[in-house]
There are 4 protein chains.
Amino acid sequence: MLKKLEESKLIEILETGISEFSQYGIEKTNINIVAKKAGVSVGVLYKYFKSKDDFFMACLKHSLAVLSNVIGEALQGEQKILARAEKLIRAVQKNAREHENYNAMYHEITSGSFKKHSAVLAKEIESISAKVYAEFLLQAQKEGEIRSDADPRLFAFFFDSLLITLQFSYSCDYYRERFLIYCGEDILDNDEKVVKELLKFLESAFTTSQSEIKHA
Amino acid sequence: MLKKLEESKLIEILETGISEFSQYGIEKTNINIVAKKAGVSVGVLYKYFKSKDDFFMACLKHSLAVLSNVIGEALQGEQKILARAEKLIRAVQKNAREHENYNAMYHEITSGSFKKHSAVLAKEIESISAKVYAEFLLQAQKEGEIRSDADPRLFAFFFDSLLITLQFSYSCDYYRERFLIYCGEDILDNDEKVVKELLKFLESAFTTSQSEIKHA
Amino acid sequence: MLKKLEESKLIEILETGISEFSQYGIEKTNINIVAKKAGVSVGVLYKYFKSKDDFFMACLKHSLAVLSNVIGEALQGEQKILARAEKLIRAVQKNAREHENYNAMYHEITSGSFKKHSAVLAKEIESISAKVYAEFLLQAQKEGEIRSDADPRLFAFFFDSLLITLQFSYSCDYYRERFLIYCGEDILDNDEKVVKELLKFLESAFTTSQSEIKHA
Amino acid sequence: MLKKLEESKLIEILETGISEFSQYGIEKTNINIVAKKAGVSVGVLYKYFKSKDDFFMACLKHSLAVLSNVIGEALQGEQKILARAEKLIRAVQKNAREHENYNAMYHEITSGSFKKHSAVLAKEIESISAKVYAEFLLQAQKEGEIRSDADPRLFAFFFDSLLITLQFSYSCDYYRERFLIYCGEDILDNDEKVVKELLKFLESAFTTSQSEIKHA
DNA sequence: GATGAATGAGCGTTCATTCAT
DNA sequence: AATGAATGAACGCTCATTCAT
């Protein structure tokens, strides 16, 4: 009971942190203000987390735990690659809207003064999806769904690049603006169109073709 | 003459700023150190720029001026869309390596405490390439190079998403790590492979196909 | 019985406090850590002692209670002054080693932010030995062991100065270093030498001499 | 001219620091308050000194520079050992009164949380006087002024112990109280008496004697 | 104009003390 | 009574910005 109260408090602190971090960035976020907004004293915050960086990391982990579920669920039991892609795209759209801040957190680590942790974080965060994507692309290739001369890892990389950019386009200010500029002011109200067009874009890439490219 | 001297000094200041900003991020960059490294007094710096943010903006503009040339040059006089894409990909690879800092600057604005300027910056930065891409995709569509049911703006968006992610993969720490995880430790030494695979990925998207996608 | 349990607990708290205070000094000692190390809650600690300063005072008193026995025992029943001095010196050596922390506590009050209590503490701590020393020096003087023109109180002061410096030299970091510098790296393994030389130094001071000093 | 102004400012900062440190101890001294009292901003203080510890060290050095002159001057050109001792005692009396704070600074390092620097500081501070004293005691011994069976280093140690205790007795609160308790309330107004008695105390120690001590 | 010393608000972190349970 | 989670004032230090020279 006490435990439950503590846990809900902890989550409230994390959520507040995520809200502040995703609004102001790591450096500009003020720990004292986070504590006040979360309704606790700084002391409590420093009881749970040993430093601001540590606190940010905890917020990040909390965000990623939610995000990784999204991918996991979207990949359940499907067979055809385009169907899988469609599920992922829709998952991204839903998730990015629902957990705007979580995604902004993810984006936060790719810039600013968090360079020092780049290698560790990337390994921790990207390894799973990199492996999953590459594996199901390889599988798709074996089943003739993808051109035989494609490198599954690179294709996984391109695919993920499209997904994360889309994700940020629904959750990070700058990317959202860019999204509107590229696709029109009403693109945020037209999720279906985005799904369709991206699938068209992927379709051919993910569909066996005989053509070969010749480079000089 | 005096003007010229000032101009070269100004550029030196901007270059120093870009170097520092792209290394440490906006918040952690110390204006006094920038001034010292640039060989000027802080007073001069504050004469040219009214605040740190303003200075960052100027550095950003300077970076983008260089970057925009890259796109412009890559688009000169070419006709076939895949050839154009190839030129752009190679330009991105060359540019990202040569002007690592400039690209890091660009990435810097997409996160952190720079939210307030997102709309203005996006409009300023993305409008041109958004228009250029959409136009030549529309042209390509008219000439039968791209499937007739594609939305040129969305396709331009997807195409640009692939390019900027690639750009960051060559110039920003986190994205570079992600790149290695997805594509292997030696991917940075294998630019040709990246070009080929991305072209394969794009090829079908950018090549007329009769298939249509049916969504439930 | 309950009382007894409390008493032993109290002593454990005090001993822990003494250990921490003598290691880190008054300010740097953390009450919460003291409580944890002593195996009690801070609440208990603040039940017994109304503040950190108050707790330090209690620790100090506890230390001094042990230290005062040392002097007392060393002065039992002896007659000749040099024999008494020898007993005291040996007592200091033994005590300083055995109760390093207690002595460090004593030294702690002579500096730092404890100025406010100087007068009270000095009166409490020094009065006894000041009186004892002065009295037996007076006695010694009457019996011709000390030059007749000596002021027993001043001589007691000088004698005690030598003893406390020696005490600190065996128990406080800085004084120990100084001891090594003055007397050689192996002086801490050579207690007998210290005894002998200090007795030589005192011998003449404490032995009647005819000489008189003439100051201009 | 500007240089001069800066130097005087620097000294004012150091003097303020010495005043605060010797009043409140290292930990309780507030850098912001020191800055305010010195009439500068914290920024200036941190321009000159890289941390609080560094600032304390600078204050200490400043204190010691003055103190070492005292010893140096007192040792100029004298021959007879007791005359030298007398000069030193008088120097200590004068110096301790004039530079009360400087001496308190010296005492500050012997306790509290400055343990980490004990070895370095002791070496730096004590080495010189240890060597000087030992040398002139050795010289005195050769000339028959001191008993031939004395160890000059140990005797130097005892002599210095008497001097520093006296020094603190004129400059540190606790030691001053102890001084009054041992020697009477009016001892601070009776410097001559202290000189005379200490010389008497030393006289025999520093004067050749035939007696030998026999220990069991 | 140019300088760069000086400013001082602001923030991360600690820890003595309190008080609800 | 005993606990120890929670408090929040306090302080060391940084650095964007100003302004006297």
Side-chain angles (χ1 to χ4, degrees), chain A residues 1-2 5-6 9-10 13 26-36 38-56, chain B residues 2 6 9 24 26-36 39-56, chain C residues 2 6 9 24 26-36 39-56, chain D residues 1-2 5-6 9-10 13 26-36 38-56:
Chain A
M1 205 144 59
L2 188 70
L5 201 72
E6 274 175 26
K9 199 73 210 164
L10 186 66
I13 296 172
I26 299 174
E27 330 289 348
K28 279 279 177 85
T29 291
N30 181 328
I31 287 290
N32 291 272
I33 289 175
V34 170
K36 194 160 281 171
V40 296
S41 66
V42 259
V44 167
L45 215 149
Y46 275 88
K47 180 147 244 170
Y48 288 126
F49 315 101
K50 70 180 217 291
S51 69
K52 190 189 192 182
D53 263 28
D54 191 55
F55 176 52
F56 174 77
Chain B
L2 186 71
E6 274 175 23
K9 198 68 211 168
Y24 306 111
I26 300 175
E27 325 294 345
K28 282 277 177 82
T29 290
N30 183 329
I31 286 290
N32 292 272
I33 290 175
V34 171
K36 191 161 283 171
V40 297
S41 66
V42 264
V44 164
L45 217 148
Y46 272 86
K47 179 129 209 81
Y48 286 127
F49 316 101
K50 73 178 214 290
S51 69
K52 192 191 194 182
D53 266 25
D54 192 53
F55 176 53
F56 173 78
Chain C
L2 187 72
E6 275 175 21
K9 198 70 211 164
Y24 306 112
I26 300 176
E27 325 294 345
K28 283 276 177 84
T29 290
N30 183 331
I31 286 291
N32 292 274
I33 291 176
V34 170
K36 190 161 283 169
V40 296
S41 66
V42 263
V44 165
L45 217 148
Y46 273 86
K47 179 130 208 82
Y48 286 127
F49 316 102
K50 73 177 215 290
S51 70
K52 192 188 192 182
D53 266 25
D54 191 52
F55 176 52
F56 174 78
Chain D
M1 206 145 61
L2 188 70
L5 200 71
E6 273 174 29
K9 198 71 211 166
L10 186 66
I13 295 171
I26 299 175
E27 330 288 349
K28 279 278 178 86
T29 290
N30 181 328
I31 286 291
N32 292 275
I33 291 175
V34 170
K36 194 160 279 171
V40 296
S41 66
V42 255
V44 166
L45 214 148
Y46 275 89
K47 180 145 245 167
Y48 288 126
F49 315 101
K50 74 179 213 292
S51 69
K52 192 188 191 183
D53 264 27
D54 190 55
F55 176 51
F56 173 77

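For clarity, every value in this text was computed on a predicted model and none was experimentally measured. Protein chains get the first letters and strands the later ones, always in sequence-line order, with residue 1 at the start of each.
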- Task: Would you mind telling me which of dA6(F), dG8(E), dA2(E) lies closest to the side-chain atoms of K47(B)?
- Result: dA2(E)
- Could you tell me the separation between the CG atom of L10(D) and the C1' atom of dA5(E), rounded to a whole number of Å? 14 Å
- Tell me whether the OP1 or OP2 atom of dG4(F) has a side-chain N or O from S41(C) closer than 4.0 Å. no
- Message: If the condition is salt bridge (Lys or Arg N to Asp or Glu O under 4.0 Å), which residues does K47(C) pass it with, not counting sequence neighbours?
- Response: none
- Note on the structure: To the nearest angstrom, the CZ-P distance between F55(A) and dG12(E) comes to 11 Å
- D53(B): what forms a salt bridge (Lys or Arg N to Asp or Glu O under 4.0 Å) with it, not counting sequence neighbours? K116(B)
- Message: Protein within reach of the bases, or only the backbone? For nucleotides 13-21 of chain E, mark each nucleotide 5' to 3' as B, S or -, using heavy atoms under 4.0 Å.
- Response: BBBBBB---
- Query: Under a 4.5 Å cut-off applied to non-hydrogen side-chain atoms, are F55(B) and V34(B) in contact?
  - Reply: yes
- Task: Only counting residues at least two apart or in another chain, list the ones meeting ring-ring contact (aromatic ring centres under 6.0 Å, His included) with Y24(C).
- Result: none
- Gap separating the CG atom of N32(B) from the CG atom of N30(B), nearest 0.5 angstrom: 5.0 Å
- Please name the pair of heavy atoms, one in A35(D) and one in S41(D), separated by the smallest distance, quoted to 0.1 Å. CB-C, 3.9 Å
- What residues, two or more places apart in sequence or in another chain, satisfy ring-ring contact (aromatic ring centres under 6.0 Å, His included) together with Y46(A)? none
- Nearest-Å distance, CG (L45(D)) to P (dT14(F))? 12 Å
- Message: Without decimals, in angstroms, what is the distance between Y48(A) OH and dG12(E) P?
- Response: 20 Å
- Supply the atom-to-atom distance I33(A) CD1 to I31(A) CD1, rounded to the nearest 0.5 angstrom. 10.5 Å
- Counting Watson-Crick and G-U wobble pairs whose two distances are both under 3.5 Å, find the runs of 3 or more in a row that involve DNA chain F. E:2-21 with F:2-21
- Query: Contact class for V40(D) (heavy atom, under 4.0 Å): base, sugar-phosphate, or nothing?
  - Reply: sugar-phosphate
- Query: How about F49(A) and I13(A): do any of their side-chain heavy atoms sit closer than 4.5 Å?
  - Reply: yes
- Query: Rounded to the nearest Å, what distance is computed from the NZ atom of residue K36(D) to the P atom of nucleotide dG12(F)?
  - Reply: 13 Å
